[in-house]
*Asks:* 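Here it is: the structure, laid out below.
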Amino acid sequence: QGGRSEGSICDIGSVMSKPVGRSRKEIFISYGREDEVKDFVKKLKDSLEGRRLSSWLDTTDIPAGSDWHAEIGVGLQNCRALIAIITKKYISSRFCKKELYGANADGKKIFPIIFEDFDLGASGEVGAGVKYVISDINWTFFRKGKDDFAESVAKLIDGLNAAGIKGEVEVEEENEEGEDTEDGEEEEKEEEEEEE
């Protein structure tokens with residue numbers, strides 16, 4: 001997998017808010033690549049898309065042979081919200097934290113998911129940045145054996161809907177400045193007819 005060892009790796013630098021020209025996935029799922037977490041993330045993505053909430057996931061949205069740094073950057077640039085699957089591995093992964101910090105700096109809506117019990121405050125410098133970003137946000141708990149998956153998904157979806165995140169948004173590649181493409185095509189046709 002192209003040298004990827006942890007998290008949805010992205011060397012963001014800075015994340016721009018303007019979406020690029022392609023179908024935009026509104027939710028970016030950021031996670032550490034533990035086997036148990038990967039299974040959970042797939043189940044979560046299926047649940048979100050079952051409610052017509054489009055989500056970006058590295059294992060399904062990076063085409064073969066592409067530059068995965070760039071693809072993850074595009075996914076972050078286009079999304080409106082980031083779901084962070086918080087685990088011990090997540091807070092120690094510099095790549096996961098780049099995604100979280102970049103999305104936060106760019107004003108994306110952050111939805112922390114607590115996947116396992118641990119003391120974030122006791123993680124010291126390693127988890128200080130993550131704690132700073134998510135401490136004032138209402139967390140959704142998906143702890144195995146403690147929280148009901150369906151109930152937690154319902155709470156998460158309610159939060160996404162309340163934030164105005166309700167479905168996939170199409171972005172026209174040739175119309176990035178916000179012009180009305182159909183009107184523009186009509187004007188071009190009229191000009192051609194006048195010339196004839």
Side-chain angles (χ1 to χ4, degrees), residues 4 6-10 15 23-62 72 75-76 78-123 126-169:
R4 305 178 61 206
E6 53 177 333
S8 306
I9 307 172
C10 179
V15 181
S23 177
R24 183 173 79 183
K25 301 292 182 72
E26 294 207 297
I27 303 164
F28 184 101
I29 302 177
S30 175
Y31 68 104
R33 294 177 68 85
E34 305 100 314
D35 288 340
E36 189 174 12
V37 174
K38 286 191 288 186
D39 292 339
F40 166 77
V41 165
K42 184 180 183 303
K43 184 178 180 181
L44 178 64
K45 177 179 171 67
D46 290 344
S47 296
L48 293 172
E49 296 193 339
R51 295 290 296 271
R52 302 182 65 83
L53 291 165
S54 59
S55 57
W56 191 100
L57 185 62
D58 58 351
T59 55
T60 57
D61 288 284
I62 299 179
I72 291 174
L76 282 165
N78 281 351
C79 77
R80 295 177 60 198
L82 178 138
I83 292 176
I85 315 297
I86 306 298
T87 62
K88 292 178 182 178
K89 185 177 180 66
Y90 189 95
I91 67 171
S92 64
S93 166
R94 64 187 179 93
F95 303 112
C96 291
K97 287 188 286 189
K98 280 185 177 182
E99 293 172 355
L100 178 64
Y101 299 164
N104 183 63
D106 202 44
K108 310 293 185 181
K109 189 73 174 178
I110 307 295
F111 290 84
I113 282 179
I114 305 302
F115 184 76
E116 60 187 7
D117 281 320
F118 67 98
D119 187 353
L120 182 58
S123 59
V126 173
V130 174
K131 181 181 178 182
Y132 176 80
V133 172
I134 73 171
S135 60
D136 293 331
I137 303 172
N138 193 24
W139 304 347
T140 307
F141 290 86
F142 282 84
R143 297 163 299 177
K144 187 176 181 180
K146 289 190 175 183
D147 303 298
D148 182 79
F149 181 86
E151 290 181 3
S152 295
V153 166
K155 291 177 182 177
L156 178 62
I157 290 174
D158 284 346
L160 289 162
N161 290 165
I165 300 165
K166 299 180 179 181
E168 188 172 9
V169 175

*Asks:* Hey, is CZ on F118 packed in by over 12 heavy atoms from elsewhere, all under 6.0 Å?
*Replies:*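 Yes, because the 6.0 Å sphere around CZ of F118 holds more than 12 heavy atoms from other groups.
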*Asks:* Which heavy atom in V37 sits nearest to a heavy atom in G32, and how many Å separate them?
*Replies:*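 Looking at all heavy atoms of both residues, the closest pair is CG1-O, 3.4 Å.
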*Asks:* Looking only at non-hydrogen atoms, find the nearest pair between S47 and V153 and report the distance.
*Replies:*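 Looks like CB-CG1, 4.1 Å.
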*Asks:* Nearest 0.5 Å, what's the CG-NZ distance between D147 and K155?
*Replies:* 7.5 Å
*Asks:* For the CG atom of L82 and the CD1 atom of I110, what is their distance to the nearest 0.5 Å?
*Replies:*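 Reported value, rounded in 0.5 Å steps: 5.0 Å.
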*Asks:* With a sphere of 6.0 Å drawn around CG of N138, does it hold more than 12 non-hydrogen atoms of other residues, nucleotides or ligands?
*Replies:*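 Count not over threshold, so no.
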*Asks:* Does I134 form a side-chain contact (heavy atoms from CB on, under 4.5 Å) with L120? I'd like the steps, not just the answer.
*Replies:* CA-CA 10 Å; I134 73 171; L120 182 58; 3.9 Å; yes
*Asks:* Are K38 and D35 within salt-bridge range, i.e. N to O under 4.0 Å?
*Replies:* yes
*Asks:* Does K108 use its side chain to pair, donor to acceptor, with the backbone of C79 at less than 3.5 Å?
*Replies:* yes
*Asks:* Angle between ring planes, F40 versus F149, binned at 30° and 60°: parallel, tilted or perpendicular?
*Replies:* perpendicular
*Asks:* Given L44 and L156, is the side-chain contact (heavy atoms from CB on, under 4.5 Å) satisfied, shown in steps?
*Replies:* CA-CA 10 Å; L44 178 64; L156 178 62; 3.9 Å; yes
*Asks:* List the residues meeting side-chain contact (heavy atoms from CB on, under 4.5 Å) with K144, not counting sequence neighbours, and say none if there are none.
*Replies:*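 side-chain contact (heavy atoms from CB on, under 4.5 Å) check on K144 returns E36.
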*Asks:* Check I83, I27, I29 against K45 for a side-chain contact (heavy atoms from CB on, under 4.5 Å) and give me the one that passes.
*Replies:*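 Among I83, I27, I29, the one meeting side-chain contact (heavy atoms from CB on, under 4.5 Å) with K45 is I29.
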*Asks:* Mind checking the CG-CD1 spacing from N104 to I137? Nearest 0.5 Å is all I need.
*Replies:*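 Spacing of CG (N104) from CD1 (I137) equals 7.0 Å.
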*Asks:* Just by modelled atom types, is the S123 backbone N or O under 3.5 Å from a matching donor or acceptor in the D119 side chain?
*Replies:* no
*Asks:* Is a side-chain donor or acceptor of S30 paired with a backbone partner of A84 at a separation under 3.5 angstrom?
*Replies:* no
*Asks:* Please find the pair of heavy atoms, one from T140 and one from S152, that lie closest to each other, and give the distance.
*Replies:*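 Looks like CG2-O, 3.6 Å.
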*Asks:* Would you check if F141 and I113 make a side-chain contact, meaning some heavy-atom pair closer than 4.5 Å?
*Replies:*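 No, their side chains stay 4.5 Å or more apart.
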*Asks:* Would you give the length of the straight line joining atom NZ of K98 to atom CG of L76, rounded to the nearest 0.5 angstrom?
*Replies:* 12.0 Å
*Asks:* Assess whether atom CZ of R143 is packed by more than 12 heavy atoms of other residues, nucleotides or ligands within 6.0 Å.
*Replies:* yes
*Asks:* Any side-chain heavy atom of L48 sitting closer than 4.5 Å to one from L160?
*Replies:* yes
*Asks:* Indicate the atoms forming the closest heavy-atom contact of K166 with E26, along with that distance.
*Replies:* N-OE1, 3.7 Å
*Asks:* Under the side-chain hydrogen bond (donor to acceptor under 3.5 Å, both in side chains) test against K25, which residue among T60, N78, D61 passes?
*Replies:* D61
*Asks:* About how many Å separate CD1 of I165 and NZ of K109, when rounded to the nearest 0.5 Å?
*Replies:*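 Going from the NZ atom of K109 to the CD1 atom of I165 covers 8.0 Å.
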*Asks:* Give a yes or no on whether a salt bridge exists between K42 and D46, defined as a side-chain N under 4.0 angstrom from a carboxylate O.
*Replies:*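 Judged by the 4.0 Å cut-off on N to carboxylate O distance, K42 and D46 do form a salt bridge.
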*Asks:* Might you point out which heavy atoms bring K88 and D117 nearest each other, and give the distance in Å?
*Replies:*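 Of all heavy-atom pairs spanning K88 and D117, the closest is CE-O, 4.4 Å.
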*Asks:* Kindly state whether the ring of Y31 and the ring of Y90 have centres lying under 6.0 angstrom apart.
*Replies:* no
*Asks:* Carefully, step by step, assess D58 and R33 under the rule side-chain contact (heavy atoms from CB on, under 4.5 Å).
*Replies:* CA-CA 11 Å; D58 58 351; R33 294 177 68 85; 2.9 Å; yes
*Asks:* For side-chain contact (heavy atoms from CB on, under 4.5 Å), just list the numbers for I62 and W56, CA-CA rounded to whole Å, side-chain angles, deciding distance to a tenth of an Å, and then say yes or no.
*Replies:* CA-CA 9 Å; I62 299 179; W56 191 100; 3.8 Å; yes
